[in-house]
2 protein chains.
Amino acid sequence: MRLSNLADYAVVTMCAAARHCGFARVSAAVLAEETGLPAPTVQKLVSQLSRAGLLNSTRGAGGGIKLARPAAAITLADIVEAVEGPIALTACVEQERPECALGERCRVRPHWALVNEVLRGALADIPLTQLARVPEEMKLEA
Amino acid sequence: MRLSNLADYAVVTMCAAARHCGFARVSAAVLAEETGLPAPTVQKLVSQLSRAGLLNSTRGAGGGIKLARPAAAITLADIVEAVEGPIALTACVEQERPECALGERCRVRPHWALVNEVLRGALADIPLTQLARVPEEMKLEA
DNA sequence: TGCAAATCGGAACGAATTGATCCGATTATG
DNA sequence: CATAATCGGATCAATTCGTTCCGATTTGCA
């Protein structure tokens, strides 16, 4: 029931990347420095996020990564699924392949599917723009 | 983001126990046989569920376990929390102790708290009675 | 055109949590 | 009072997670 640390870090990394949206490409090392996360970990996350189609990576000198889509079109659900795979609380609701020993007789599965949909909906309702927005309190205390 | 297998088994076990509610106490071995789960696993689950106050266990010959409360007063959230501890997607929202390095400056945490509350609400809305109820389709195919 | 620097991508290692199993402590019964 | 059956805690293996490292690829400059 706990989100993996990688997924948590991925959200922070995407937030940092969103702040550079529109500017030149950013290297993974810069994002690591800004977020305070270990550089190798950020590299691994960038790889996964690129494969998932959330980031566009350019190799070579002067390369780096940038958002593949506008920040408004990226949601928390996208980021979590990119790192952890499909959102599935139980094995029952995963990719329509019920591996439960009870099979179709399981009375609990329909309820799990409902809870799963509620959770996914809550994550899909939060766009990256909302996460990257700086609250007013932070501006005041700065 | 995945529920542990123990929690899944706990739900099945509680469902089986609810079917015996009102009758004599049931032993963990019987529940294991009915659910098809390994007997030692069911024993461990019964211990945890008893400590959490969801089951009342009686030792000695002829002992066993029974629901500590009416099935209508037990929700999915209760069972999950009994096995996995407090429902917390991230370490930020756990027991009001933010261990995040960013501390109060984290802009993501309020959103996690919201998602966490939505998830908990979805689990708390499903009572054990609803899980243990046998659908009409099952009666027909039997 | 060739070299060099900087980047991403995948693979390998170590650690932690989870899951299953076993044995001892406890208690009502005959 | 002895017995038998039960729960409770402790121990051990396995899978997954998290971190780290090294190689392949590409662009920029001389």
Side-chain angles (χ1 to χ4, degrees), chain A residues 1-13 17 20 24-33 35-66 68 80 82-85 88-91 94 99 101, chain B residues 1-13 17 20 24-33 35-66 68 80 82-85 88-91 94 99 101:
Chain A
M1 184 54 68
R2 179 104 44 110
L3 206 66
S4 71
N5 290 348
L6 265 302
D8 202 347
Y9 297 163
V11 174
V12 176
T13 301
H20 293 280
R25 302 171 194 277
V26 194
S27 70
V30 172
L31 290 181
E33 192 176 0
T35 58
L37 299 174
T41 299
V42 175
Q43 272 193 356
K44 186 178 180 63
L45 285 173
V46 165
S47 299
Q48 284 192 275
L49 293 169
S50 297
R51 258 185 303 180
L54 298 183
L55 294 177
N56 274 345
S57 64
T58 314
R59 282 151 82 133
I65 53 107
K66 66 179 181 65
V80 171
V83 176
E84 298 206 340
L89 269 66
T90 63
E94 190 169 9
E99 297 187 0
Chain B
M1 183 55 69
R2 179 104 41 110
L3 207 66
S4 72
N5 290 347
L6 266 302
D8 201 348
Y9 298 163
V11 174
V12 176
T13 302
H20 293 280
R25 302 170 195 275
V26 194
S27 69
V30 172
L31 290 181
E33 192 177 0
T35 57
L37 298 174
T41 300
V42 174
Q43 272 195 357
K44 187 178 179 61
L45 285 172
V46 166
S47 298
Q48 283 192 275
L49 293 168
S50 297
R51 256 185 306 178
L54 299 182
L55 294 177
N56 274 345
S57 64
T58 314
R59 285 150 83 129
I65 54 106
K66 66 178 182 65
V80 170
V83 175
E84 299 206 338
L89 269 66
T90 64
E94 189 169 12
E99 297 187 0

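Just so it is clear: chains get the letters A, B, ... in the order the sequence lines come, proteins before strands, and each one is counted from 1.
Going from atom CG of A:Leu54 over to atom CG of A:Leu45 covers 11.5 Å, rounded to the nearest 0.5 Å. Going from atom CG of A:Asn56 over to atom CG of A:Leu49 covers 11.5 Å, rounded to the nearest 0.5 Å. Separation of atoms CG (B:Leu31) and CD (B:Gln43) is listed at 11.0 Å; rounding is to 0.5 Å. Atom CD1 of residue B:Ile65 and atom OG of residue B:Ser57 lie 8.5 Å apart, to the nearest 0.5 angstrom.
For A:Lys44, the listed nucleotide lying nearest its side chain is D:dT20; candidates were D:dT20, D:dC21, C:dT7. Looking at the side chain of B:Tyr9, the nearest of the listed nucleotides C:dA20, D:dT19, D:dC7 is C:dA20. Residue B:Asn5 places its side chain closer to C:dG19 than to any other of D:dA24, C:dG19, D:dC7. With C:dG19, C:dG9, D:dG8 as the choices, the nucleotide that has an atom nearest any side-chain atom of A:Ser47 turns out to be C:dG9. Listed nucleotides C:dA25, D:dT19, C:dG9 differ in distance to A:Arg59; the shortest reach to its side chain belongs to C:dG9. Distances were taken from every side-chain heavy atom of A:Pro38 (C-beta onward) to each of D:dC21, D:dC17, D:dT20; the shortest belongs to D:dT20. Residue B:Leu6 has its side chain nearest to C:dG19 when only C:dG19, D:dT19, D:dG8 are considered.
Checking the phosphate oxygens (OP1, OP2) of C:dG19, no side-chain nitrogen or oxygen of B:Thr41 falls inside 4.0 Å. Taking 4.0 angstrom as the limit, B:Thr58 places none of its side-chain polar atoms (N or O) nearer than this to OP1 or OP2 of C:dT27. Taking side-chain N and O atoms only, B:Arg51 has a distance below 4.0 Å to OP1 or OP2 of D:dG9. Contact check, A:Ser50 against C:dC8: no side-chain N or O comes under 4.0 Å of OP1 or OP2.
Across the protein-nucleic acid pair, B:Gln48 atom CD and C:dG19 atom C1' stand 11 Å apart, rounded to whole Å. Atom P of nucleotide C:dA11 and atom CD of A:Gln43 are separated by 15 Å, given to the nearest angstrom. Rounded to whole Å, the distance from CD1 on A:Ile65 to P on C:dG9 is 10 Å. The CG atom of B:Leu55 sits 16 Å away from the P atom of D:dT6 (whole-angstrom rounding). Put simply, CG on A:Leu49 is 11 Å from P on C:dG9, counting in whole angstrom units. For the pair B:Leu45 CG and C:dA20 P, the interatomic distance rounds to 9 Å; values are reported in whole Å. Straight-line distance from the CD atom of A:Glu33 to the P atom of C:dT7: 12 Å, rounded to whole Å. The CG-C1' distance, from B:Leu37 to C:dT21, rounds to 15 Å in whole Å.
Place A:Ser4 and B:Gly64 on DNA chain D by their nearest nucleotides, and B:Gly64 ends up nearer the 5' end.
Nucleic acid contact for B:Pro40: base, since at least one base atom lies under 4.0 Å from a heavy atom of the residue. Nucleic acid contact class of A:Ala29 (heavy atoms, under 4.0 Å, all strands): none.
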- Message: Could you walk me through whether A:Val26 and A:Val30 satisfy the side-chain contact (heavy atoms from CB on, under 4.5 Å) test, starting with their C-alpha distance in whole Å, then the side-chain angles of each, then the deciding distance to 0.1 Å, before giving a yes or no?
- Response: CA-CA 7 Å; A:Val26 194; A:Val30 172; 3.7 Å; yes
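Taking every heavy atom of both residues into account, A:Ala7 and A:Leu3 meet most closely at CB-CG, 3.9 Å.
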